[in-house]
Amino acid sequence: MSQQEERQRTEKDPDLRSSEVTEGYERAPHRAMFRAMGYDDEDLAAPMVGVANPAADITPCNVHLDDVADSAYDAIDAADGMPIEFGTITISDAISMGTEGMKASLTSREVIADSVELVAFGERMDGIVALGGCDKNMPGMMMAMIRTDLPSVFLYGGSIMPGEHDGREITIQNVFEGVGSVAQGEMSEDELEEMEHNACPGAGSCGGMFTANTMASAAEALGLAPLGAAGPPAEHEDRYEVADRADELAVDAIENDRKPSDILTKESFENAIALQVAIGGSTNAVLHLLALAAEAGVDLSIEEFDEISQRTPKIADLQPGGTRVMNDLFEVGGVPVVLRRLLDAGLLHGDQLTITGRTLAEELEHLEEQGELPDDDEIDADFLYTVDEPKNEEGAIRILTGNLAPGGSVLKVTGDDDLHHEGPVRVFEGEEKAMKYVQEGNVESGDVIVIRNEGPQGGPGMREMLGVTAAVAGQDHAEDVALITDGRFSGATRGFSIGHVAPEAFTGGPIGALEDGDVVTVDIADRTLEVDLSDEEIERRLEEREEPDPNYTTGVMAKYGQTFGSAENGAVTNPGAKQD
């Protein structure tokens, strides 16, 4: 067969965007570059699928993603696609926690979204398989999928298996809280070291319903990932079956021109929020879902998280409030078990499209028919509850507003639903001073610890502060000491931890007016966060306040610090994103 006949046999669909770099005699130099990498005529005639891979030796969440990407590459090739793998950065939240480096975490979400968008745009790709394993590369990948609006599938790397200590399962949360216990004299350093050696037995994202597992679950509810994709642990053989399935779906989505804009609606975001509050998901998902909605041009407000939480009960008792982890949920059917219970109770929009081309309700029915989803009456799990007899009558997320947080603040309820706290504040300008105060054993029952100038612009980067909250919990003050910040708390946080206070101190928010001794009231039932000051006094203090200088004036932190929006809108940096 002549070269001309071979080219005719492998003629490419002219509607594919990648034809801009593969078709016509003018593109001979472009094809020569591809041939240097081993691609042939059959590849060049196929849809070009980017495999965005943030694999790195920086975190166990991502250390295995090259293996997942290899599986993805092979599955795309077998489905008659042209796989092109490329990399991007990631930051380990757990390893940077408690340091200045934690300011890079939220910034990395934006860098990841920017870089994947740039590669897909510049190389004229037809679709994307976006891999994620750690807290910020997951929403960053989904943001890139939305921005490019190419047929795309999100592929989670899977969670870590729990470790074992003293006959019980443990996760990284227990190690962080152990630091507080050692400082309090309630645990020996030797025992903490033993926990350190056993808490993280291998690859995968932190095992509880922390940020990574929450966002992986939300991807299923949004329709951006196939149902059941969040469940298999990183080192389970089913993780690679999920990869194969996701990559076949990516090629199918290209062939059927099924894009994120066809899938993401107000109702699909409401589905994701309902799932988040029902499983006790991370407060960080509030920030990330708001950011995804802003990128998608979907009108979603922070108040709607509370509205959905009020009507959606919490039916899964997982860490950090409970004792079970993602693997336990996987073993009884995974996220689809929870989605089915919510759908049957009329708490989800079952008519929303998913990446498979079927609706959410149709996809759940399909899983049942395939024997991949057990009958509900066959599921015996002490950490799963029914909608009629839930763990808590309301969902886990609360949005508190008031004169201290007119733009809202976020809390996850991990214990009693009707908590009320009132006490004098102790104000700290940044995390380090607060951590020193806690570690020195100064915390007393009734305290209100305020950590400010840690917001999206003020930090910049809105640091997570699991070190502080875990130290307080490790000293047995999780339920009688309140922590309030314009930064964030980790998905592993429990107790009276209120983050995302908006507006932030750096931009003149009321939290900047607080002084030591002011009395703050947190009323979860009433959804209020108030300081016992008049509006006039708050305004007077803010007017007299010396405007803070930015912490960084050059480099990446300065650049993104200047472009971050408010936490109440997802702290996005994309100027075209919806930020009402």
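One-based numbering along the sequence shown.
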Asks: Identify the heavy atoms of Val242 and Pro232 that sit nearest to each other, and give their distance.
Replies: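 Val242 and Pro232 have their closest heavy atoms at CG2-CG, 3.8 Å.
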Asks: Would you mind checking if Arg109 and Asp135 are paired as a salt bridge, meaning a charged N to carboxylate O distance below 4.0 Å?
Replies: no
Asks: Between Ser71 and Asp244, is there a side-chain donor-acceptor contact under 3.5 Å, judged purely by atom types and distance?
Replies: yes
Asks: Hey, is the main chain of Gly157 close enough, under 3.5 Å, to the side chain of His64 for a donor-acceptor pair?
Replies: yes
Asks: Scan Glu362, Gln370, Glu368 and name whichever one has a side chain to side chain contact (heavy atoms under 4.5 Å, CB included) with His366.
Replies: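 When side chain to side chain contact (heavy atoms under 4.5 Å, CB included) is applied between His366 and each of Glu362, Gln370, Glu368, only Gln370 qualifies.
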Asks: Establish, from distance only, whether the side-chain atoms of Thr107 and Lys559 form a donor-acceptor pair under 3.5 Å.
Replies: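 No.
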Asks: For the residue pair Arg35 and Tyr39, would you count it as a cation-pi contact if the rule is NZ or CZ under 6.0 angstrom from the ring centre and within 45 degrees of the ring axis?
Replies: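 The answer is no, since Arg35 fails at least one limit relative to Tyr39.
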Asks: Can you confirm whether more than 12 heavy atoms, excluding those of Asp375, are under 6.0 Å from its CG atom?
Replies: yes
Asks: Is Asp344 salt-bridged to Arg341, cutoff N-O under 4.0 Å?
Replies: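 A salt bridge is absent here (no side-chain N lies under 4.0 Å from a carboxylate O).
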Asks: Is the closest side-chain donor-acceptor distance between Asn53 and Tyr73 under 3.5 Å?
Replies: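 Asn53 vs Tyr73: no donor-acceptor pair found between side chains.
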Asks: Do the charged groups of Glu20 and Arg17 touch, with an N to O distance under 4.0 Å?
Replies: no
Asks: Can a donor-acceptor pair be found between the side chains of Asn327 and Glu331 at a distance below 3.5 Å?
Replies: yes
Asks: What closest approach, in Å, do Pro83 and Gly81 show between heavy atoms, and which atom pair accounts for it?
Replies: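 So the two residues come closest at CD-O, 3.3 Å.
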Asks: Give me the one residue out of Thr356, Thr354, Leu360 that meets side chain to side chain contact (heavy atoms under 4.5 Å, CB included) with Leu227.
Replies: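 Output: one option passes, namely Leu360.
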Asks: I'd like to know if the side chain of Tyr156 pairs up with that of Asn213 as donor and acceptor (distance under 3.5 Å, no hydrogens or angles considered).
Replies: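 The answer is yes; a qualifying pair exists.
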Asks: Tell me yes or no: between the side chains of Ser105 and Glu464, is some donor less than 3.5 Å from an acceptor?
Replies: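 No, no side-chain donor-acceptor pair sits under 3.5 Å.
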Asks: Sub-3.5 Å donor-acceptor pair from the side chain of Lys103 to the main-chain atoms of Met462, do we have one?
Replies: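 Not a single qualifying donor-acceptor pair exists.
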Asks: Below 4.0 angstrom, N of the basic side chain to O of the carboxylate: do Asp67 and Arg239 qualify?
Replies: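 The answer is no: the pair does not qualify as a salt bridge.
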Asks: Do Thr563 and Thr573 have side-chain atoms, one donor and one acceptor, less than 3.5 Å apart?
Replies: no
